[in-house]
2 protein chains.
Amino acid sequence: MEMSQALAALGALAQDTRLAVFRFLVEAGPEGVTVGRIGEALDVAPATLSFHLKELSRAGLIANRQQSRFIWYSANYETMNGLIGYLTENCCKGQPEVCGIDCALQKKPTASRGKKVCA
Amino acid sequence: MEMSQALAALGALAQDTRLAVFRFLVEAGPEGVTVGRIGEALDVAPATLSFHLKELSRAGLIANRQQSRFIWYSANYETMNGLIGYLTENCCKGQPEVCGIDCALQKKPTASRGKKVCA
DNA sequence: TCCATAATTCTATATTTATGGAAATATAAA
DNA sequence: TTTATATTTCCATAAATATAGAATTATGGA
């Protein structure tokens, strides 16, 4: 992941409504949830929710598909994993003896950087 | 991790200078780096760097210790892992068959929530 | 076609955040 | 004690972001 995308993702998640929406979608699974149901579940006004969904989309953290009158939003797990990899990249210089066993998995230039948490 | 702390951490990381500082410290390891060396390495003015270090500290993402005239800042790996766990919590309802094998490790109420990436 | 519903865009206002020069504080060496 | 270095705080300005009412677009049912 590039810094600009990581920044966009972090900025998108650094807001209470958006963080709640993202976690709600992460938990909901690949099928996703309609805008109406999200707003209902989290008690957010339509215009406000739309604004935040747009922000999460722009950051690549969520995706959507239209089905009839409804728009289903779902989490983009690939971006989530990319962000985690970006944050932990080269952790402790990849010296597991320094900071813990899992660090060995965090070295930089592997095929897909960082640890994969969820496909 | 509580939402308020996750929000603070995400907000702290959602800024280019701070993200660069944090990653620099993650890579530097537990010993840390002095303010002067950070500013030099990343080319940030003292007042600006101080402002950002304060922000990262407030979020619990970094810690510091004073040694003589120097202040050494280091990454707080526990907060980093806590944040990752918070983001991936209950991923896909913990159904690995839905989104990938590692999801099984992301169920909610374990002793220390989420996956530990680096101690 | 007409109407109801789903969702987004527009707009104005309020709030938060970033920047860096100048001044202040703190530690240590001369 | 004087001086130099390390870091922070203060301050004003500039820029980005959040909120929600009202208007708009789009889809499907009557």
Practice task
Give A:Glu55 one of three labels, base, sugar-phosphate or nothing, depending on what nucleic acid heavy atoms sit under 4.0 Å from its own.
Solution key: nothing
Fill in the blank from the handout: Taken to the nearest whole Å, CZ/A:Phe70 to C1'/D:dA26 is 13 Å
Problem - N/O donor-acceptor pair under 3.5 Å between A:Asn76 side chain and A:Gly60 backbone - result: yes
Handout entry: Candidate list A:Leu42, A:Asp43, A:Leu53, A:Val44, test side-chain contact (heavy atoms from CB on, under 4.5 Å), partner A:Thr17, passing option
Key = A:Val44
Exercise for the section: Please check the phosphate of C:dT17 (OP1 and OP2 only) for any side-chain N or O of B:Arg18 closer than 4.0 Å. Expected result: no
Exercise for the section: Round to the nearest Å and state the distance from B:Leu10 atom CG to C:dT17 atom C1'. Expected result: 16 Å
Fill in the blank from the handout: Ranking C:dA7, D:dT8, C:dA28 by distance to the side chain of B:Tyr73, first place goes to D:dT8
Handout entry: Exam field: side chain A:Glu55 to backbone A:Ser57, donor-acceptor pair closer than 3.5 Å
Key = no
Handout entry: Nearest listed nucleotide, side chain of A:Thr34, among C:dA7, C:dA18, D:dG21
Key = C:dA7
Practice task
Classify the nucleic acid contact of B:Arg37 as base, sugar-phosphate or nothing, counting any heavy atom under 4.0 Å across all strands shown.
Solution key: nothing
Handout entry: Residue A:Arg69, side-chain atoms from C-beta onward, closest of D:dT7, D:dT8, C:dA6
Key = C:dA6
Fill in the blank from the handout: Picking from C:dA7, D:dG28, D:dT8, the nucleotide nearest the side-chain atoms of B:Pro46 would be D:dT8
Practice task
Could you tell me which nucleotide pairs with D:dA30 by Watson-Crick or G-U wobble geometry, both distances under 3.5 Å, or answer none if nothing does?
Solution key: C:dT1
Practice task
Write down the distance between NZ (B:Lys54) and C1' (C:dT19), rounded to a whole number of angstrom.
Solution key: 15 Å
Problem - Rounded interatomic separation in angstrom, taking CG from B:Leu49 and P from C:dG20 - result: 11 Å
Exercise for the section: Whole angstrom is fine here: how far is it from CG in A:Leu53 over to P in C:dA7? Expected result: 10 Å
Completion exercise
Among the nucleotides D:dA18, C:dA4, D:dT7, whichever has the atom closest to the side chain of A:Gln15 is D:dA18
Handout entry: Candidate nucleotides D:dT7, D:dT8, D:dA20, ranked by approach to the side chain of A:Thr48 - the nearest
Key = D:dA20
Problem - Side-chain donor or acceptor of A:Thr88 paired with backbone N/O of A:Cys91 under 3.5 Å - result: no
Exercise for the section: For B:Ile62 and D:dT7, give me the distance from atom CD1 to atom C1', rounded to whole Å. Expected result: 13 Å
Handout entry: Gap between atoms CG and C1', on B:Asp16 and D:dA15 respectively (whole Å)
Key = 14 Å
Problem - Side chain of B:Ile71 - closest among D:dT7, C:dT8, C:dT19 - result: D:dT7
Problem - Residue that, paired with A:Leu87, satisfies side-chain contact (heavy atoms from CB on, under 4.5 Å) out of B:Val26, B:Leu19, B:Leu61 - result: B:Leu19
Fill in the blank from the handout: Between B:His52 and A:Phe51, whichever has its closest DNA chain C nucleotide further toward 5' is A:Phe51
Exercise for the section: In whole angstrom, give the distance that lies between atom CG of B:Asp43 and atom P of C:dT19. Expected result: 13 Å
Completion exercise
Judged by nearest nucleotide, the residue sitting upstream toward the 5' end of DNA chain D, A:Arg58 or A:Gln66, is A:Arg58
Fill in the blank from the handout: Given the options A:Leu49, A:Val35, A:Val33, A:Leu56, A:Tyr73 meets side-chain contact (heavy atoms from CB on, under 4.5 Å) only with A:Val35
Practice task
Select base, sugar-phosphate, or nothing to describe what A:Ser50 touches, counting heavy atoms under 4.0 Å on all strands.
Solution key: base
